[in-house]
Amino acid sequence: MFGYVRPSDGHLTAEDKQRFQAAYCGLCRSLGRRYGLAARMILNYDFTYLAILLSDPEEAAPCRRRCVSSPVRLRAYQPATAALELAADESVILAYWQLRDGVEDHGLWKGLGYRVSAAALRGGYRKAAAARPGFDGRVREQLAALSRLEGECCPSMDQAADTFAQLLAAAAAGVEDPVRRRVLEQMLYHLGRWVYLIDAADDLQKDAVSGNYNPVALRYGLRDGKWDEESRRAFARTLDHSIHMIATAFELRDFGVWRPLLESTVYTGLFAVGRAVLEGTFHKMPPREQRKKHKKAEETT
């Protein structure tokens with residue numbers, strides 16, 4: 001996906017940080033085992049959170065092995081589970097269509113990286129789509145709807161965001177328990193809405209230069225990708241509404257050992273990332289300074 005859903009390090013114990021890292025490494029291994037090395041390249045925090053949301057409340061005993069990124073020291077990772085396999089399959093499908101979208105949005109040379117990456121992932125995508133045809137069909141349907149809105153230059157950012165929200169909510173369709181599935185659908189729907197809107201806000205200046213469709217710019221009449229204070233405040237309230245809806249659904253379910261990770265993300269991490277994007281500091285700062293900025297923002301949330 002987009003890399004905006006991140007753990008809030010300042011609010012996590014060492015044990016929780018290790019648990020998140022084990023889930024991250026476990027998803028990486030599931031991607032590699034099921035789809036090869038190219039699939040491991042798509043791994044990010046967003047997909048790890050998808051795996052955590054889909055996981056059982058109890059944590060499986062971690063395994064330890066060396067890997068390419070850690071050839072000397074043994075790394076703990078979550079063993080293969082149905083949740084990790086589902087997350088791996090859906091991650092490959094989402095990443096492939098995101099790359100295809102990048103191909104459509106860029107010219108021949110600027111889109112070359114997207115074309116190469118999509119080609120490398122194509123075999124894995126076909127296998128994942130065969131394993132999860134319902135989810136792949138839903139992704140195709142919603143992306144086609146979004147493409148139509150882009151073609152019409154639709155000024156409704158809610159309508160555009162709804163397409164991605166519906167797409168991400170479909171990731172819970174493979175959950176058997178109907179109550180748990182409903183909770184996850186609500187969380188993923190509003191998370192998808194938040195991710196779509198924060199990505200559009202992050203791309204304001206880039207889209208102003210390229211002329212690409214940006215529903216946030218259209219909704220607030222922004223010129224040159226620059227906020228006015230009234231629009232910034234109104235948009236922040238929209239982002240906060242999505243987070244509050246995620247939190248409402250989150251409180252309906254026992255997430256067991258994963259609760260501290262999810263709680264710190266929902267109640268602090270998303271707010272901090274949103275603030276950094278609106279301040280224009282999310283990608284400009286070096287990683288260390290970016291973490292300091294996020295921590296400071298979290299302390300004032």
Side-chain angles (χ1 to χ4, degrees), residues 1-7 19-56 60 62-71 74-106 111-143 164 167-175 184 188 191-192 195 199 258 261:
M1 287 194 288
F2 300 87
Y4 297 112
V5 185
R6 301 182 173 197
R19 182 171 289 123
F20 181 86
Q21 185 64 47
Y24 183 89
C25 292
L27 180 57
C28 181
R29 287 190 173 275
S30 291
L31 285 166
R33 185 179 66 257
R34 292 172 75 81
Y35 300 110
L37 180 61
R40 288 189 172 192
M41 300 299 104
I42 71 171
L43 182 67
N44 63 23
Y45 284 169
D46 291 1
F47 289 143
T48 305
Y49 270 101
L50 177 60
I52 288 172
L53 282 171
L54 296 171
S55 293
D56 293 330
C63 305
R64 292 182 180 276
R65 287 187 62 181
R66 295 180 178 85
C67 66
V68 174
S69 64
S70 182
L74 292 173
R75 298 285 293 267
Y77 67 94
Q78 283 292 300
T81 63
L84 281 177
E85 291 181 354
L86 176 59
D89 297 346
E90 293 179 340
S91 297
V92 168
I93 292 170
L94 286 169
Y96 178 78
W97 286 114
Q98 184 184 353
L99 290 169
R100 292 302 308 167
D101 185 58
V103 171
E104 298 297 326
D105 285 347
H106 297 78
L112 185 60
Y114 290 100
R115 294 176 189 276
V116 171
S117 297
L121 196 59
R122 187 176 296 122
Y125 159 71
R126 289 173 177 167
K127 182 179 177 181
R132 313 286 178 181
F135 180 68
D136 181 58
R138 189 64 170 163
V139 171
R140 286 171 176 263
E141 177 185 337
Q142 294 304 317
L143 290 180
F164 191 78
L167 179 160
L168 197 57
V175 175
L184 293 180
L188 289 168
L191 181 61
V195 166
D199 183 60
W258 306 108
L261 280 166

State whether the side chain of D46 and the backbone N or O of G3 hold a donor-acceptor pair below 3.5 Å, judged by distance alone.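 Looks like yes, one N/O pair under 3.5 Å.
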
Strictly distance-based, threshold 3.5 Å: is any side-chain N or O of W258 a donor or acceptor partner for the main-chain N or O of D56? yes

Flag side-chain contact, heavy atom, 4.5 Å: [X] against [Y]:
X    : Y    : result
I52  : F20  : yes
Q142 : F164 : no
N44  : V5   : no
L27  : Y77  : no

Nearest atoms (heavy-atom pairs only) where [X] meets [Y]:
X    : Y    : result
A171 : L54  : O-CD2, 4.0 Å
P79  : A60  : CG-CB, 3.9 Å
L43  : C28  : CD2-CB, 3.4 Å
A128 : V92  : CB-CG1, 4.0 Å
W97  : D136 : NE1-OD1, 3.2 Å
L121 : A95  : CD2-CB, 4.0 Å

Going by an N to O cut-off under 4.0 Å, is there a salt bridge joining E85 and R34?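 Salt bridge flag = yes for R34 with E85.
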
Quick check for you: to the nearest 0.5 Å, what is the distance between [X] atom [atom1] and [Y] atom [atom2]?
X    : Y    : atom1 : atom2 : value
L50  : L188 : CG    : CG    : 6.5 Å
L168 : R138 : CG    : CZ    : 12.0 Å
I42  : L94  : CD1   : CG    : 8.5 Å
L86  : S55  : CG    : OG    : 9.5 Å
R40  : S30  : CZ    : OG    : 9.5 Å
Y114 : R100 : OH    : CZ    : 12.5 Å

Among R64, R75, R65, Q78, the one residue meeting side chain to side chain contact (heavy atoms under 4.5 Å, CB included) with C25: R75

